[in-house]
Amino acid sequence: MFEDLFAYPKVVARHHDGPEASKRLRYLKHLADQRAARETLLRTARELLVIAERLDLSGGRCVRQAEIDAAAQSWA
């Protein structure tokens, strides 16, 4: 799906190689199955990558609100 959304090989690779790629991909496929617009899929793919890069989502642990707030502040 990343190949369907992005034209540039480096961008596709960044999404494939980013954290939690399989989970991000599964969610994007879910949105596509719900007939989400292409622009929605593009925006969501970008946002999910940024979130996955800034939060430690590994290990199935719960992410605390303070971690989300700190990541949002550093991104903004």
Per-pair distances, 0.1 Å, donor-acceptor, side chain in residues 28-54, under 3.5 Å, sequence neighbours excluded:
residue, atom, partner, partner atom, Å
Arg38, NH1, Asp4, O, 3.0
Arg38, NH2, Leu5, O, 3.0
Thr44, OG1, Thr40, O, 2.7

Item to check | For Gln65, side-chain hydrogen bond (donor to acceptor under 3.5 Å, both in side chains) partners two or more places apart | outcome: Asp69
Checklist outcome for this item: Glu67 meets the side-chain hydrogen bond (donor to acceptor under 3.5 Å, both in side chains) criterion, sequence neighbours left out, with Arg61
Next on the checklist: Applying side-chain hydrogen bond (donor to acceptor under 3.5 Å, both in side chains), can you list everything that pairs with Lys23, at least two apart in sequence or on another chain?
Outcome noted: Glu20
Item to check | Heavy-atom pair with the smallest gap, counting every atom of Val12 and Phe6 | outcome: CG2-O, 3.5 Å
Checklist entry - Is Glu3 atom CD crowded by more than 12 heavy atoms from other residues, nucleotides or ligands, each under 6.0 Å away? => result yes
Next on the checklist: Going by the rule ring-ring contact (aromatic ring centres under 6.0 Å, His included), which residues pair with Phe2 if we only count those two or more places apart in sequence or in a different chain?
Outcome noted: His15, His16
